[in-house]
Amino acid sequence: MVILALALPAWAGITYAGLVRARRGDEPPWPRAPRPPRTAAKKAAWIAAFAYLAGGALHLYGLSYMPFLFPEDACYFKAGTKTYPDHSSALPVSLVCRGAEVVPWWVNPGLLVLGGTAVAATVTSVVLAAGRRRRASR
C-alpha cells in the first residue's frame, strides 16, 4: 500500500515533468533573474497586513467568549456557572460571570499591540511610498 500511496504518485509526477521538458525540447529551466529588492514601504505594508489579519483573528477568538443567543450558556460553558453574565462587551473584550473575568488576560493587550502595529505600519508605508514617488518625480 505504501508503494501505491507514495511511490506511484511521485513516479508519475517525475515522469510527467520529464515528458513536458522533452516535448519543449529544452533543458531544465534557467535560474530566474534576481528580483529587485523589496522597498521599505512594501515591507511596512506586509507587516501591516499581517498585524490586521492577526488582530482580526485575535478579536474573533475574544468574541467567542461573548453571549449571543443564550447569554446564560456563555457563563455555563466558559466559567462553569449557569447564570446570566454580569457584564459583557466586545471592545475591550470582556465577559464577567459572578464577579470573575472569563476572557483570558492577554486578549486585550494583544489587540492593543496588534492594532497599534497595524496603524503605525500603514502610516509608515504610505509615508515611505509618497516620499519615494516624490523623489522619483524630481
J.: Can you name the nearest heavy-atom pair linking Cys97 to Asp86, along with the distance?
T.: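 Closest pair (atom of Cys97, atom of Asp86, distance): C-OD2, 3.9 Å.
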J.: Considering only heavy atoms from C-beta outward, does the side chain of Leu111 approach that of Val93 to under 4.5 Å?
T.: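 They are in contact (side-chain heavy atoms under 4.5 Å apart), so the answer is yes.
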J.: Taking the hydrophobic residues Ile, Leu, Val, Met, Phe, Trp and Tyr, and joining any pair whose side-chain heavy atoms are under 4.5 Å apart, which ones share a cluster with Tyr84?
T.: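 For Tyr84, no cluster forms, as it stays isolated from other hydrophobic side chains.
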J.: Could you give the side-chain donor-acceptor pairs of residues 113-122 under 3.5 Å, partners two or more places apart or in another chain?
T.:
residue	atom	partner	partner atom	Å
Thr117	OG1	Val113	O	2.8
Thr122	OG1	Tyr52	OH	3.2
Thr122	OG1	Ala118	O	2.7

J.: Mind listing the side-chain donor-acceptor pairs of residues 58-71 below 3.5 Å, one per line with the distance, residues two or more places apart or on another chain?
T.:
residue	atom	partner	partner atom	Å
His59	NE2	Ala90	O	3.0
Tyr61	OH	Tyr65	OH	3.0
Ser64	OG	Tyr61	O	2.5

J.: Could you list the residues that satisfy side-chain contact (heavy atoms from CB on, under 4.5 Å) with Ala45, not counting sequence neighbours?
T.: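 For Ala45 the side-chain contact (heavy atoms from CB on, under 4.5 Å) partners, ignoring immediate neighbours, are Ser125.
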J.: Do Asp73 and Lys82 pass the salt bridge (Lys or Arg N to Asp or Glu O under 4.0 Å) test, and can you show the C-alpha distance, the side-chain angles, and the key distance before you say yes or no?
T.: CA-CA 7 Å; Asp73 286 347; Lys82 187 78 169 172; 2.9 Å; yes
J.: Any side-chain hydrogen bond (donor to acceptor under 3.5 Å, both in side chains) involving residues 91-111? Give me the pairs, sequence neighbours left out, ordered by first then second residue.
T.: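 For residues 91-111: Ser94-Glu101.
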J.: Ring pair (Phe, Tyr, Trp, His ring centres under 6.0 Å) with Trp46: which residues, sequence neighbours excluded?
T.: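 Partners of Trp46 under the ring pair (Phe, Tyr, Trp, His ring centres under 6.0 Å) test: none.
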